[in-house]
Amino acid sequence: MNKFDTMGKDAMSRVEDIMNATRLNEFLHRKEEEEKKKTCILWVLAIIGAVAAVAAIAYGVYRFFTPDYLEDFEDDFDDDFDDDFFDDEDEKEEEVKED
């Protein structure tokens with residue numbers, strides 16, 4: 001019986017080793033799946049960021065090269081208004097000086 005007892009213990013230790021190896025293998029396989037998910041999400045975010053950067057650069061270039069017509073209009077309007085206003089004051093001052 002002694003021979004069978006040592007064989008049983010040896011067999012049990014081998015079975016335990018195999019069980020531990022499969023548990024380790026399952027654990028590693030789970031980690032690989034999680035890493036694949038993380039890298040997939042990272043790639044998607046990187047692509048979205050690159051597209052946003054290109055769009056921002058294109059918008060900046062567009063704004064730089066497009067003339068601002070409203071600014072020219074405001075300048076002309078302000079100049080005309082200011083000249084008329086000051087001319088009236090100058091005429092009143094001249095009238096007061098002549099009297």
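The analysis underlying the following values was restricted to heavy atoms, covering all of them including side chains, and did not include hydrogens, waters or symmetry mates. The model shown is predicted, which means the values in this text are computed figures rather than measured ones.
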Legend entry - Inter-residue atom distance Thr66.OG1 - Tyr59.OH, 0.5 Å rounding: 9.0 Å

Inset, instruction - Could you state whether Val51 and Val54 fall into the same hydrophobic cluster, counting links through intermediate Ile, Leu, Val, Met, Phe, Trp or Tyr residues with side-chain heavy atoms under 4.5 angstrom apart? - result: no

Legend entry - Whether Thr39 side chain and Lys36 backbone form a donor-acceptor pair below 3.5 Å: yes

Legend entry - OG1-CE distance between Thr22 and Met19, expressed to the nearest 0.5 angstrom: 5.5 Å

Legend entry - Gap between atom CD of Glu35 and atom CZ of Arg30 - 0.5 Å precision: 14.5 Å

